[in-house]
Amino acid sequence: KESLQDYILFPLRFVLKTPGSKREGLIQAVMEALTYVLENTCVQSWDSLRDLFSELCLCLCSPKDPGKPATTSEELKLAVLRCLDTLMHSAYGDIVFKLYEPSMLPGLGAAVSLLLALAEHEKARGVQTASLKCLLSLFQQCDCVEEHIEPGRDERYLLGRTLATFLPGISRALSLVISGDVRQGHTVTVKAMRVWYKAVGLVMADEQLQKTDNDVAAGDLGPVEKLVVKRSPSWCKTTSQRLALVLQKIISCTSAHPHWRVRLELVSLSHFLLSQCSQSVGECVGPLLEALVGAVNDEEPEVKHRCSAALDEVAQMGQTNGRQDFTDILSENLHSLRTLMSSTDLRPDLHQIPSQRKYFLYFTDDKIFSALRKICRMLGYYGNLYLLVDRFMELYRESSVYRKQAALVLNEVIVGAAGIGVEMDTSRIDCSGTNQSRTNQEDLKSSVMSIIEEYISLSNWHLPTVSEALEGKLESTTSLVSNSPERNCLQLLPASKTPTLHQLNGNIWQICIQLEGIGGFALALGTNFHLLLMTTLYPVLEKAGDESLLVSQAAFSAMCDICKACDYSSPKELVIKNSDYLLNDISLNLARPSIHPHAPRVLAVMFTHSDASLLPLVADVVQDVLTALDLSYDQRAPQFCSVLHSLMKALVRWFPATMGRQKTPSKETQNKECVNLRQFLLDYKKQKELAEGIKVEEEDPNDLGVLPLNREGLKSKLHVHLQVLDILELCVCVLCEREDELLPMVHRCWPALLHRLTNDDPLAVPRAFKVRSCPSNQICEHVITRWQTGITAAANSSASISPLYSECVFAVEADLDRVIDACLLYLSCRQPIKLQEACLSVFRSLMDLDCDLCWFSLNELCCPVTYQPPPPHLLPVTLTGSDKNQFTDNILTLLQESDAPQEEDAT
């Protein structure tokens, strides 16, 4: 048989050995023929195996760079890989293990490198899978249906000693494949995981590492001796530490994989390594056990069943072998909580914001989280509350790595201590049906107070949740509080350092968990939480106005829990009934904006969740806001303007009867309802104009809020301008039926509004037009020239400012020709569609004012037809417009619309 096999293979191998380039189709045909022969015969000669192995590897590598795969077609690569896999299956056992002798390390290493490179860099999924299957065959770990050689103890030792040389490269390449794009498919990921843990199991097997690799003669190998790895105890310890890092990466990428077969392979990986090499990879035991425990309640029944069986077997193995008991290992990990804490990674999901669902690193099933909550509540109900709170508060303070997780456990422990959500023991329920917890109300209240105090401390409460927070709002907070007693625990980032997205997400979740905890504490204490309202309500309202939607919703949920616990019917009643000390805190904190930068935010939330009964109480505080705005305009104007904007929106909501339904009110009504409002608006206008740098007595545009030259200043100034214009519009809405108060204030505001209409950023002009309240001719006299110049100059770059001029559509009666001249440019087909539509709308309005002027102006630009007078002795009407240009389509549309009404009138 052997001679016949060599006779048949000779011409095929001759084709491969012939020098020169060959067609890929020819080589692919040769590979298919070789595969067929090898499938039906056995390779019994070491020389034939070695030569064929080398020739097939040469077909895979690049001729110019043998260390890299060749850039051949996918079909040819698959054919070569199938042939190589078949060769490993057809070799006799007494010769195949000669591949793993130390003298073969260079050739074997080249083959392993080629196969790993194909698995890592190849885009074709079939080639990746085939190369990984070849690696399994090469390691004598193939799991296909064909018959395989079963390595004995000595053969396994030989394999492990040889693969130890390649273990670093194998771990690096396969970890990249496993953590690669999920679009590569679950088959590739599963195969890569299997190759990795089979190789690790061979190299780090406990039975192999009980003896030292000293059986290789140093003088027999020559230069190859440098490639041989001796698995000494120090090498094993170092390798175990490095493998633990790779394992953490693999588990993080596969424990929550969307395909169940990947999660199933993770169970197999954990089971295999715990069974084969738990002593030699001691650093990996904890993560492997966590991976198994995390898969106990997997949604896929097969994964759950395999995981339970693996845990039972590992536990039994530990008992029978005299090793440390499996339950002791779990107890140690759970007691220290370090391993458990490091496995938790809370990640916000924008699609789940309303429900605030929490995501964890090592499990995805909500049943696991539900079971964890039950355990924590049972601990709080039956355990020593002071001991639990002290331990988890210690973890909370120790490091930010544990802070969110420790807070999550603390929240559930406190709720459980109150008997909420705990499965009751009938022996602890008295005859009245009351739950008899081991924790009395005084102990519970004391624990809650200490936790809340830690939660709302500066270092754990005033955390940035949006990227702009550090650039302005918290800049002075860090520098000032750094000298406070809490400077050692303060975690605000320096103003010069922009927080990363990961840090912002972590801050958001920490604050949300702490807010959930406050809500749970309120429910746990019930009406006794009244005593803590003065401490907690202000911080909760502070977060209710946070820029992050997730944080603000968590704060509102906490407000609802507080209402339920303290017998308030709604958040509005909660705010109104406690408005006295809230306003007192706001007034005090407005004077210290560096330490308490969010006092305006609390006031804005109060306006949102209250009614008109709050108005008499806020007059002094609003005056404080105006004073603070005047003193710190450059730094804090946006925040204060937000408060005033919330106030004006609240006034519009509280006094809907004033919107066009009541006549001039009586003196008595004015004294009751409008004196404070009128005085506030007068003071507000005065303070706002002063803050904007406006001298009302002099209508000098140079003093009316000139924008800074730097870009950031321009942005912030423009933002303030837009907020102020919104506030002015709401002021006009509130006082629209009280002309005696409105008109004087309008005239005082007119110089500043005129500046916004003429000399401001183009984005502020549309907003200024919305709040104009003076006659049209006055607008035209002062504004049209500036507007015409700006809109004409912007025609060449209108694509970038289409939102502006699509909003800036208005009709005027004076200087109509100037308006038409400015708008004609936007009828060009080269303008954006939105601008063309806006311009058509403008001309339709202008035609209502002067149809003849519009008709003449349009024809002067484009005259599509010749107008012949009926009397023959009159000359034709000659207009300057051409018959077809870039304006033709839109002008034709307008002319047809203008002619249609005339034809209807004629009929």
Side-chain angles (χ1 to χ4, degrees), residues 1-63 69-100 104 107-108 110-112 114-115 117-119 122 124-151 187-188 191 194-195:
K1 291 182 180 178
E2 183 179 354
S3 60
L4 178 60
Q5 183 192 62
D6 292 339
Y7 179 78
I8 295 173
L9 292 179
F10 175 77
L12 301 175
R13 295 174 60 187
F14 181 78
V15 173
L16 298 179
K17 291 182 178 180
T18 303
S21 59
K22 307 175 186 67
R23 291 185 295 108
E24 288 191 2
L26 174 62
I27 301 178
Q28 182 176 343
V30 170
M31 291 299 158
E32 293 171 354
L34 280 172
T35 303
Y36 179 80
V37 173
L38 293 174
E39 283 175 345
N40 294 278
T41 60
C42 295
V43 179
Q44 301 177 1
S45 168
W46 162 242
D47 293 335
S48 298
L49 175 62
R50 180 190 59 202
D51 294 343
L52 280 171
F53 185 80
S54 300
E55 291 163 6
L56 293 177
C57 290
L58 287 174
C59 292
L60 284 175
C61 67
S62 172
T71 57
T72 55
S73 64
E74 176 185 350
E75 292 77 10
L76 179 56
K77 290 177 182 176
L78 285 173
V80 177
L81 291 170
R82 278 194 294 266
C83 188
L84 182 59
D85 182 60
T86 306
L87 175 65
M88 297 305 301
H89 281 80
S90 65
Y92 266 25
D94 58 345
I95 65 167
V96 71
F97 288 104
K98 290 185 178 181
L99 279 173
Y100 310 107
M104 285 296 296
L108 189 62
V112 172
L114 278 173
L115 294 174
L118 286 172
E122 182 62 41
R125 190 179 304 176
V127 175
Q128 285 182 292
T129 305
S131 63
L132 292 168
K133 187 177 186 301
C134 278
L135 283 171
L136 283 174
S137 300
L138 192 59
F139 299 163
Q140 298 301 319
Q141 300 294 314
C142 186
D143 53 358
C144 66
V145 296
E146 300 181 19
E147 294 184 3
H148 300 90
I149 301 170
E150 187 65 29
T187 304
V188 174
K191 282 286 186 184
R194 191 168 302 166
V195 174

Any chance you could measure [X], atom [atom1], to [Y], atom [atom2], to the nearest 0.5 Å?
{"X": "L138", "Y": "L132", "atom1": "CG", "atom2": "CG", "value": "12.5 Å"}
{"X": "L56", "Y": "T86", "atom1": "CG", "atom2": "OG1", "value": "9.5 Å"}
{"X": "L115", "Y": "K133", "atom1": "CG", "atom2": "NZ", "value": "12.5 Å"}
{"X": "R194", "Y": "Q141", "atom1": "CZ", "atom2": "CD", "value": "11.5 Å"}
{"X": "L84", "Y": "C59", "atom1": "CG", "atom2": "SG", "value": "10.0 Å"}

Subject >> I149: side-chain contact (heavy atoms from CB on, under 4.5 Å) partners, not counting sequence neighbours >> reply: V96, F97, Q140

Original post:
Taking it one step at a time, do C142 and H89 satisfy side-chain contact (heavy atoms from CB on, under 4.5 Å)?
Top reply: CA-CA 9 Å; C142 186; H89 281 80; 3.5 Å; yes

**OP:** Go through T72 and I27 one step at a time and tell me if the side-chain contact (heavy atoms from CB on, under 4.5 Å) criterion holds.
**Re:** CA-CA 11 Å; T72 55; I27 301 178; over 6 Å; no

Do [X] and [Y] make a side-chain contact, defined as non-hydrogen atoms from C-beta onward lying under 4.5 Å apart?
{"X": "K191", "Y": "L136", "value": "yes"}
{"X": "L52", "Y": "L9", "value": "yes"}
{"X": "K98", "Y": "L49", "value": "no"}
{"X": "F139", "Y": "V112", "value": "yes"}
{"X": "V188", "Y": "R125", "value": "yes"}

For residues [X] and [Y], report the shortest heavy-atom separation together with the two atoms involved.
{"X": "L78", "Y": "A130", "value": "CD2-CB, 4.0 Å"}
{"X": "C61", "Y": "A70", "value": "O-CB, 3.4 Å"}
{"X": "A111", "Y": "F53", "value": "CB-CZ, 3.5 Å"}
{"X": "S90", "Y": "T41", "value": "CB-O, 3.6 Å"}

Return a table of donor-acceptor pairs under 3.5 angstrom between the side chains of residues 31-40 and protein atoms on other chains or two or more places apart.
{"from": "E32", "atom 1": "OE2", "to": "Q28", "atom 2": "NE2", "distance (Å)": "3.4"}
{"from": "T35", "atom 1": "OG1", "to": "M31", "atom 2": "O", "distance (Å)": "2.8"}
{"from": "N40", "atom 1": "ND2", "to": "Y36", "atom 2": "O", "distance (Å)": "2.7"}

Original post:
What pairs with T129 under side chain to side chain donor-acceptor pair (under 3.5 Å), at least two apart in sequence or on another chain?
Top reply: none

Subject >> Ion pair R50/D47, N-O distance below 4.0 Å >> reply: yes

